[in-house]
Novice: 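Quick one: this structure, given as structure tokens, is what I'll be asking you about.
Quantities reported herein were computed from a predicted structural model and do not represent experimental measurements.
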Amino acid sequence: MSAKVKIRQAAACLLLLAAIGCGETTPPVAEVTQSVYVDTDTMQAIVADTATQTPAIHPVTGKRTLQPALYCPKCERWHAIPSVEQINRKPGATRCPKTGAEMTADGPWPE
């Protein structure tokens with residue numbers, strides 16, 4: 001077999017492997033079913049089923065008092081955040097109202 005044929009075969013194999021992803025599969029994305037909220041009546045952070053509409057319904061009281069929350073690593077507390085529309089319009093909406101630190105969705109979940 002000539003060198004040109006071997007090079008073409010190798011190139012075809014590499015192209016085929018690239019096209020099929022070398023057998024790798026994308027790992028499934030975990031579905032988020034619960035989120036941290038702050039109850040606007042009690043100002044307590046709670047974990048509840050993720051809702052598409054806010055304020056969300058409190059699982060115990062049945063009232064729409066749950067606002068999505070972000071965690072401040074400086075004061076180590078969960079704080080209610082405004083709606084996505086307000087976050088996009090208001091600079092600093094994701095900063096802690098007490099410390100000014102950037103808040104995150106990652107933090108120890110309340111018990």
Side-chain angles (χ1 to χ4, degrees):
M1 195 178 282
S2 74
K4 286 184 179 181
V5 172
K6 288 182 180 179
I7 291 173
R8 285 183 188 158
Q9 286 179 341
C13 286
L14 288 174
L15 184 60
L16 182 61
L17 286 174
I20 61 171
C22 299
E24 293 181 22
T25 59
T26 305
V29 176
E31 185 178 333
V32 177
T33 59
Q34 291 192 314
S35 301
V36 178
Y37 294 92
V38 170
D39 182 353
T40 56
D41 280 349
T42 64
M43 299 311 290
Q44 295 295 314
I46 69 163
V47 176
D49 291 340
T50 302
T52 56
Q53 185 180 22
T54 57
I57 297 172
H58 194 292
V60 175
T61 65
K63 297 179 182 177
R64 286 195 172 276
T65 58
L66 299 183
Q67 281 295 116
L70 289 178
Y71 184 76
C72 174
K74 277 194 174 179
C75 69
E76 299 178 340
R77 289 197 54 200
W78 288 93
H79 298 277
I81 58 170
S83 68
V84 174
E85 298 83 27
Q86 290 175 337
I87 288 174
N88 290 336
R89 287 191 310 235
K90 182 180 174 186
T94 58
R95 295 205 170 269
C96 176
K98 292 184 179 186
T99 66
E102 189 66 35
M103 295 189 295
T104 177
D106 299 325
W109 281 27
E111 295 179 13

Novice: Which distance, rounded to the nearest 0.5 Å, do you find between the NZ of Lys63 and the OG1 of Thr40?
Specialist: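 That separation rounds to 9.5 Å.
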Novice: Search all heavy atoms of His79 against all heavy atoms of Cys96 and return the closest pair with its distance.
Specialist: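 The answer is NE2-SG, 3.5 Å.
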Novice: Does the side chain to side chain contact (heavy atoms under 4.5 Å, CB included) test come out yes or no for Val38 and Met43, once each step is laid out?
Specialist: CA-CA 6 Å; Val38 170; Met43 299 311 290; 4.2 Å; yes
Novice: What closest approach, in Å, do Gln34 and Val47 show between heavy atoms, and which atom pair accounts for it?
Specialist: OE1-CG1, 3.7 Å
Novice: Say whether, by atom type as modelled, one donor and one acceptor occur between the side chain of Trp78 and the main chain of Gln44 under 3.5 angstrom.
Specialist: no
Novice: If you take all heavy atoms of Val36 and Ala45, which pair is closest and at what distance?
Specialist: CG1-CB, 4.3 Å
Novice: Which atom pair, heavy atoms only, marks the closest approach of Gln67 to Ala80?
Specialist: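 Closest approach of Gln67 to Ala80: CB-CB, 3.8 Å.
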Novice: Listing request: all ring-ring contact (aromatic ring centres under 6.0 Å, His included) pairs with a residue in residues 40-62, at least two apart in sequence or in separate chains.
Specialist: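 Sorted pair list comes back empty.
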Novice: Would you name the heavy atoms of Ile46 and Leu66 that are closest together and state the gap between them?
Specialist: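 Smallest heavy-atom distance, with atoms named: CD1-CD2, 3.6 Å.
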Novice: To check you understand the geometry: which heavy-atom pair defines the closest contact between Tyr37 and Ala56, and what is its length?
Specialist: CE2-CB, 4.1 Å
Novice: Rounded to the nearest 0.5 Å, what separation is found between the CZ atom of Arg95 and the NZ atom of Lys74?
Specialist: 9.5 Å
Novice: Quick test of your reading: applying side chain to side chain donor-acceptor pair (under 3.5 Å), list the pairs with at least one residue in residues 97-111, sequence neighbours left out, ordered by first then second residue.
Specialist: Thr94-Glu102
Novice: Just so I know, are the side chains of Pro82 and Ile87 near enough to count as touching, which here means a heavy-atom distance under 4.5 Å?
Specialist: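 Touching, per the 4.5 Å side-chain cut-off.
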